[in-house]
Protein chains: 2
Amino acid sequence: MPKTVLTPQSEDFPRWYQDVVAKAELADNGPVRGTMVIRPYGYAIWERMQADMDRRIKEAGARNAYFPLFIPESYLTREAEHVEGFSPELAVVTHAGGKELEEKIVVRPTSETVIGEYLAKWTQSYRDLPLLLNQWANVVRWELRPRIFLRTSEFLWQEGHTAHATEQDARAYAKRIHEDVYAAFMREMLAMPVVLGRKTARERFAGATNTLALEAMMRDGKALQMGTSHELGQNFAKAFDITYLSEHGRQEMCWTTSWGTSTRMLGGLIMGHGDDQGLRVPPRLAPVQALVMVVKDGEGVQAAARRLLSDLLARGVRAELDARVDTPFGRRAVDAELKGIPVRVEVGPRDLADGAVTLARRIAGGKSAVPLGAVVDTVCTALEEDHEALYAAALAHRDANTSSVESLEDAAEAARTGWATIPWSTLGPEGEASLAESSVTVRCLTMPDGSVPGSESDDGVLAVVGRAY
Amino acid sequence: MPKTVLTPQSEDFPRWYQDVVAKAELADNGPVRGTMVIRPYGYAIWERMQADMDRRIKEAGARNAYFPLFIPESYLTREAEHVEGFSPELAVVTHAGGKELEEKIVVRPTSETVIGEYLAKWTQSYRDLPLLLNQWANVVRWELRPRIFLRTSEFLWQEGHTAHATEQDARAYAKRIHEDVYAAFMREMLAMPVVLGRKTARERFAGATNTLALEAMMRDGKALQMGTSHELGQNFAKAFDITYLSEHGRQEMCWTTSWGTSTRMLGGLIMGHGDDQGLRVPPRLAPVQALVMVVKDGEGVQAAARRLLSDLLARGVRAELDARVDTPFGRRAVDAELKGIPVRVEVGPRDLADGAVTLARRIAGGKSAVPLGAVVDTVCTALEEDHEALYAAALAHRDANTSSVESLEDAAEAARTGWATIPWSTLGPEGEASLAESSVTVRCLTMPDGSVPGSESDDGVLAVVGRAY
Ligand SMILES: [Zn+2]
Ligand SMILES: [Zn+2]
């Protein structure tokens, strides 16, 4: 096992995070405070997230479009809670084309307002509904305490925006995105278990009537909100006059939703799966699933490595060759561990003389000799297992660090190292406010069976409380 | 043939363009002057452009990354020509997070400066070179006379940025992108012939030592620059200290390139192939290659349409079903023509009784009865032919509207309706300046055989002159 080059998680988790981001070459700070540069390896992971999420969004019937970065300041003010929620985070363009602007322009913090304007134009009749749109875009929310991927002044995301004829239809669609798109993506691609729930009034999106959230536990016991899906009621429909002519010839008000996931998920991936050797990338997500490494030159070594590479590629494994024998093998192995590449196929003269190679597994750990003829099958099986193993480990970690409590004091105590679940009827908005004084928040309200409560006041509703990023 | 709903091209070409953009539901004006909303159909075309271009860029060895939207104003000023070129077009953020900023922030008009800063960090040794990066991003250049897709204050693009050890290597890479990526993409995906050449000093990118361009003729005889690839010499390397340690242990200055294509290509697509019935989308690019239309209900019609749809999909044709029999068929057919869908498979009770359907071809024109069993093969053949036919038509149009001339007067005359080629030794920078007074520009310098001159002063260099978007 190569020696670690990172601050151990147990010593200083935030420092460990910074180290991984830098040493796995995921991202760097941008020159303007709070912005980030996503480096090629980090971006390759994001691209694979995007591709898979995009497919799922399209399967849910939404179509991609693109709306402008620049929003007239007046648009933001049309929905009262929305402008109040976002005002402190806005970046404002006052000059353009060498002149001072007559109306200030806001750099989009999210696009409900500008998209609302177009939903209003495009929803003429009930035949146009539901109108299901999504966009992949950058947004800007000025951050005072930025942290790469988790809170950056600019981030990349997808934001869905839909208009519906009825409240039920809007609600069902927000739920469909929450469960069939987001939760499924996180489980099946990120190998991350997430708690599904609804936000309390205090934690809701500015302008939503209901916010559905997905919360994951990081390795330090804190929570990360991995995505949200909002019912916006008729708040934006009224503000932007999003109406339609019904089958019965009446002008009706639409119901809208919005939902988003962002580069923040990269932060969740790092902190949810990483260990003291670096990142661990779930195999279905990994840009490189198997790295074929030439340990050192020798009779037939390069040829054997190339043959294994092409055999793996032929079986659909995302494989790469590392034949840089002029760089010490130990250094290259440490780098592959840091980057969390699931499997290394190490090809060296000694093993090869025995007709074997060494398989090193990043997620299960350990090394073993594998006969040349069995490498491809063994790698494929390992990749299958690794996905399940990562998911199981994350779930076990969450369970081990979640306490079921009955009092505010116990909830506060549990939140020092993990999460607590507490009956919402016991905690209530006052308890929530009290916990918030020590930065413990209600991550979401959920049911004991993991389903999402229809309302705060349903019988048995549990609050999941903890510290959060 | 359905009746046209557009202003004819011959009557008012700019109006025709506006009509197509609106009626084919490609895009709309944004609320901030000069910005645009790319609607789902327009975006679906852009997504297919992106996917194919991205594949080609990766094959050329570049890796995707993401750099910030916001650039400190001071970065722009480091390269003298660059800041001079872009200053009039900048959008400037002066306030963020509720405060006035100490240093103004520029919304990126292009990313040479910010990427230069990171190329400097990442190119330590000759082993790091060439460093080949690309990003897909939005950029902002304030436009006084905006026009959707062609000149918008915000547009989407890819911008490549590379650092090399030698001038030869940088030059070869800029040329590789120009020819093997961009020209090949335009020929093979967009079915558009482009003239490859180099820009004159007057038309060069601000900060480049050489700009390679691709120019296409629109249906009104004007030129559109479809993409550019720049050699930046050591201008940005010096400004941002992009150096490396050579094999011989010496600190050396890098040579850099940058290159881009944008949503402008959508404008080129519309104006390069469109006709009085609307858009004509080349089959390889088309989001929908074949639209299976139920003409009207009748015995077995819906079932036959669905079977044809699944047969087409099974053969890899991007097919969709239009079974909206409650909307008049004529209206749906006009819409499909407007959107430029290459093939319509019209399934109606009368044809079906004869075991046939009607195939309507948008690009070749005309309708024919095709036996049910032959539909899939006929569609596949039609799509192949249509690509070639579109390319041939565009090339014939360009040839018919390009005059070989020997004098400034004849060049000006030819540029009233098309292009002129004139020996650069005859025209020269003075002739260029004179033509520019009547908005006729040198689109590029090229060789009689279509190759790109190594320098302005090579024997036989021709200037391609015309009006341009
Ligand atoms: Zn609001
Ligand atoms: Zn410059």
Side-chain angles (χ1 to χ4, degrees), chain A residues 27-28 30-32 34-44 46-47 54 63-72 75 87-99 101 103-105 107 114-115 117-118 121-122 127 133 135 137-138 140 142-144 153-154 156 263 324 326-327, chain B residues 27-28 30-32 34-44 46-47 54 63-72 75 87-99 101 103-105 107 114-115 117-118 121-122 127 133 135 137-138 140 142-144 153-154 156 263 324 326-327:
Chain A
D28 205 341
V32 168
T35 63
M36 66 177 159
V37 172
I38 307 179
R39 299 185 65 178
Y41 186 58
Y43 199 83
W46 173 242
E47 272 183 322
D54 192 66
R63 301 176 74 192
N64 286 341
Y66 186 77
F67 292 84
L69 173 71
F70 288 159
I71 303 180
Y75 276 38
S87 278
E89 302 178 351
L90 298 178
V92 184
V93 175
T94 55
H95 291 72
K99 288 190 181 157
L101 295 168
E103 181 179 0
K104 286 178 196 163
I105 292 168
V107 183
V114 62
I115 294 181
E117 181 81 4
Y118 290 84
K121 284 178 74 164
W122 299 335
R127 292 170 199 261
L133 298 176
Q135 77 172 358
N138 54 345
V140 170
W142 206 252
E143 283 292 348
L144 297 177
S153 293
E154 178 193 11
L156 305 183
T263 39
R324 297 170 299 153
D326 51 347
T327 302
Chain B
D28 204 341
V32 168
T35 64
M36 65 177 160
V37 173
I38 308 178
R39 300 185 66 177
Y41 186 59
Y43 200 82
W46 173 241
E47 273 183 319
D54 193 65
R63 301 176 73 195
N64 285 342
Y66 186 76
F67 292 83
L69 174 71
F70 287 161
I71 303 180
Y75 277 38
S87 278
E89 302 179 351
L90 299 177
V92 183
V93 175
T94 55
H95 291 71
K99 291 189 179 156
L101 296 167
E103 181 179 0
K104 286 178 196 163
I105 291 168
V107 182
V114 62
I115 294 181
E117 181 79 4
Y118 290 85
K121 284 179 74 165
W122 298 336
R127 290 170 200 264
L133 298 175
Q135 79 173 355
N138 54 345
V140 170
W142 206 253
E143 283 292 349
L144 298 178
S153 292
E154 179 193 11
L156 304 182
T263 38
R324 299 170 297 154
D326 52 347
T327 303

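Below, all heavy atoms of this structure are taken into account, side chains as well, without hydrogens, waters or symmetry copies. All chains are named by letter (A, B, ...) in the order of the sequence lines, taking the proteins before the strands, and each is independently numbered beginning at 1. As the structure is a prediction and not an experimental result, all values here were calculated from the model.
When Ser153(B), Ala27(B), Gly97(B) are compared by the number of non-hydrogen pairs under 4.5 Å with chain A, Gly97(B) comes out ahead. Heavy-atom pairs under 4.5 Å with chain A peak, among Pro31(B), Ala44(B), Gly30(B), at Pro31(B). No other option in Arg39(A), Arg63(A), His95(A) has as many heavy-atom pairs under 4.5 Å with chain B as Arg39(A). Highest contact tally toward chain B, considering only Lys104(A), Met36(A), Lys99(A), Glu89(A), is held by Met36(A) [criterion: heavy-atom pairs under 4.5 Å]. Comparing Gly98(B), Ala137(B), Pro88(B), Gly42(B) by heavy-atom pairs within less than 4.5 Å of chain A, the highest count is held by Pro88(B). The most heavy-atom pairs under 4.5 Å with chain B, out of Thr35(A), Val93(A), Asn64(A), Leu133(A), come from Asn64(A).
Between Val92(B) and Thr94(A) the shortest side-chain heavy-atom distance does not fall below 4.5 Å. Annotation: side chain of Val32(B) is not in contact with side chain of Pro68(A) (no heavy-atom distance under 4.5 Å).
Using a 4.5 Å cut-off between heavy atoms, Glu47(B) contacts chain A through its side chain alone, with no backbone atom that close. In this structure, chain B has a heavy atom under 4.5 Å from the side chain of Leu101(A), while its backbone stays farther away. For Tyr118(B), the part sitting under 4.5 Å from any heavy atom of chain A is the side chain, from C-beta outward, and nothing else. Using a 4.5 Å cut-off between heavy atoms, Trp46(B) does not touch chain A at all. In this structure, the portion of Leu156(B) lying under 4.5 Å from any heavy atom of chain A is its side chain and not its backbone. Arg127(B) touches chain A through its side chain: at least one heavy atom from C-beta onward sits under 4.5 Å away, while N, CA, C and O do not. For Leu90(B), the part lying under 4.5 angstrom from a heavy atom of chain A is the backbone only.
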Open item on the list: Using side-chain contact (heavy atoms from CB on, under 4.5 Å), reason through Thr263(B) and Ile38(B) one step at a time and then give a plain yes or no.
Closed with: CA-CA 10 Å; Thr263(B) 38; Ile38(B) 308 178; 4.0 Å; yes
TODO: Check step by step if side-chain contact (heavy atoms from CB on, under 4.5 Å) holds for Trp122(B) and Asp28(A).
DONE: CA-CA 11 Å; Trp122(B) 298 336; Asp28(A) 205 341; 4.2 Å; yes
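Within the model, atoms CZ of Phe70(B) and CG of Asn138(A) stand 8.5 Å from one another, a figure rounded to the nearest 0.5 Å. Here the straight-line distance linking atom CD of Glu103(A) with atom OH of Tyr75(A) works out to 8.5 Å at 0.5 Å rounding.
Residues Tyr66(B) and Glu154(A) have side chains that bring a donor and an acceptor to within less than 3.5 angstrom of each other.
Contact detail for Ala65(B) and Phe67(B): the closest heavy-atom pair is CB-CE1, 3.9 Å. Summarising the geometry of Val140(B) relative to Leu69(A), their closest heavy-atom pair is CG2-CD2, 4.0 Å, with the distance given to 0.1 Å.
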